[in-house]
Amino acid sequence: MDIEVGANSTFVHLDPGEVLHESVLKAFEESGRRHSVISSCIGSVRYIDYGLAICDHNGSPGPGNRFVRVNDASEIGSIQGHIGVDADNNPSMHIHGVLFGPSGECFGGHIFEAHVLITIEFSLTGTDELGWKRVHEPILGSPPLPLLKPVRRT
């Protein structure tokens, strides 16, 4: 992994086999910021664990189907997300992506884990004056779901 930290941005290059979430957390910690967004993320993956939300028979949303693609070269169309520090001062992230499989099919959703095939290049943009607060709230009759809400830091 190669990391360069600037005043408001952090640029990162990942090599084959590196793990996206671990690398995002390391870059976030090295930036010294309390909040960042993935403003750009391109490259390819050979392993991805992702999921989609679903609605139950009453229309209440919740965590849904989870999928794993192993040894299947996929190109990243876009990965975006938020990284911040929770109430206990621990890093917390929420990442989604759109990818293309080897036949050109499009897939994506919430990304739980991804491993680099050839390269991933991403940038983090951040500030200390804004942040995210993790809350758990019911949505349309669901049990409490994890959400991030924006907060201004003083």
Side-chain angles (χ1 to χ4, degrees), residues 8-12 14 18-70 72-117 120-154:
N8 297 311
S9 297
T10 301
F11 291 174
V12 182
L14 301 181
E18 292 191 90
V19 179
L20 179 62
H21 285 65
E22 292 171 7
S23 302
V24 168
L25 286 176
K26 181 174 182 182
F28 176 70
E29 289 170 2
E30 286 196 23
S31 77
R33 295 183 194 96
R34 307 240 334 132
H35 165 267
S36 288
V37 297
I38 298 174
S39 52
S40 175
C41 182
I42 58 171
S44 58
V45 299
R46 87 166 44 246
Y47 171 93
I48 186 159
D49 176 357
Y50 66 102
L52 302 169
I54 61 168
C55 290
D56 67 15
H57 63 281
N58 295 320
S60 295
N65 299 324
R66 199 152 165 184
F67 307 92
V68 175
R69 294 173 81 128
V70 180
D72 191 14
S74 299
E75 289 289 328
I76 297 168
S78 175
I79 291 179
Q80 299 172 339
H82 310 284
I83 306 94
V85 177
D86 67 16
D88 296 324
N89 211 29
N90 295 314
S92 178
M93 77 173 82
H94 188 187
I95 298 177
H96 282 234
V98 176
L99 296 95
F100 300 94
S103 300
E105 72 278 13
C106 182
F107 67 94
H110 181 92
I111 299 176
F112 298 101
E113 186 176 348
H115 298 197
V116 178
L117 173 63
I120 289 180
E121 296 110 25
F122 68 87
S123 59
L124 301 179
T125 304
T127 178
D128 286 333
E129 72 180 277
L130 301 174
W132 293 103
K133 177 182 177 183
R134 184 167 296 280
V135 298
H136 290 79
E137 296 179 358
I139 306 293
L140 301 172
S142 73
L145 298 172
L147 306 171
L148 292 175
K149 295 208 171 182
V151 295
R152 180 169 293 280
R153 300 189 185 279
T154 54

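Position 1 is the first residue of the sequence, and the numbers go up from there. What you are looking at is a predicted structure, and each value in this text was computed from that prediction instead of being measured.
The salt bridge (charged side-chain N to carboxylate O under 4.0 Å, His left out) search around R69 returns D72, E105, not counting sequence neighbours.
Between G109 and L52 the shortest heavy-atom distance is CA-CD2, 3.8 Å. Closest of all the heavy-atom pairs between C41 and I76 is O-CG2, 3.3 Å. Nearest approach of S74 to G101, heavy atoms of both residues: OG-CA, 4.0 Å. Minimum heavy-atom separation, G51 to F112: N-CE1, 3.6 Å. Counting all heavy atoms, side chain and backbone alike, D56 lies closest to N58 at OD1-N, 2.8 Å. Listed here is the closest heavy atom pair of P61 and I139: CD-O, 3.2 Å.
When side chains are defined from C-beta on, L25 counts as touching M93, because their heavy atoms get closer than 4.5 Å. Proximity of P144 to E137: side-chain heavy atoms (C-beta onward) are nowhere separated by under 4.5 Å. At least one side-chain heavy atom of I79 sits under 4.5 Å from a side-chain heavy atom of L20.
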- For E113 and V19, run side-chain contact (heavy atoms from CB on, under 4.5 Å): C-alpha distance rounded to whole Å, both residues' side-chain angles, the deciding distance at 0.1 Å, then the answer. CA-CA 7 Å; E113 186 176 348; V19 179; 4.2 Å; yes

- Query: Please walk me through it: do V45 and L99 pass side-chain contact (heavy atoms from CB on, under 4.5 Å)?
  - Reply: CA-CA 9 Å; V45 299; L99 296 95; 3.8 Å; yes

- Item | Working for side-chain contact (heavy atoms from CB on, under 4.5 Å), residues S123 and S40 | CA-CA 5 Å; S123 59; S40 175; 3.5 Å; yes

- Item | Test log, rule side-chain contact (heavy atoms from CB on, under 4.5 Å), inputs L124 and I83 | CA-CA 9 Å; L124 301 179; I83 306 94; 3.9 Å; yes

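Note: T125 OG1 to I38 CD1 = 10.5 Å, rounded to the nearest 0.5 Å. Note: I111 CD1 to I48 CD1 = 4.0 Å, rounded to the nearest 0.5 Å. L130 CG to S36 OG: the interatomic distance, rounded to the nearest 0.5 Å, is 11.5 Å. Once rounded to the nearest 0.5 Å, the distance linking CZ of F11 with OG of S39 reads 7.5 Å. In this structure, L14 CG and E22 CD are separated by 10.5 Å, a value rounded to the nearest 0.5 Å. To the nearest 0.5 Å, atom OG of residue S23 and atom CD1 of residue I120 are 8.0 Å apart.
The aromatic rings of H94 and H96 sit perpendicular to each other, their planes meeting at more than 60°, with 30° as the lower class boundary. Using the six-membered ring where Trp is involved, Y47 and H115 have ring planes that are tilted, between 30° and 60° apart.
For T10 and R33, the side-chain atoms include at least one donor-acceptor pair closer than 3.5 Å.
H82 places no side-chain N or O within 3.5 Å of a backbone atom of H35 that could act as its donor or acceptor partner.
Taking the six-membered ring for Trp, Y50 and F107 have ring centres closer than 6.0 Å.
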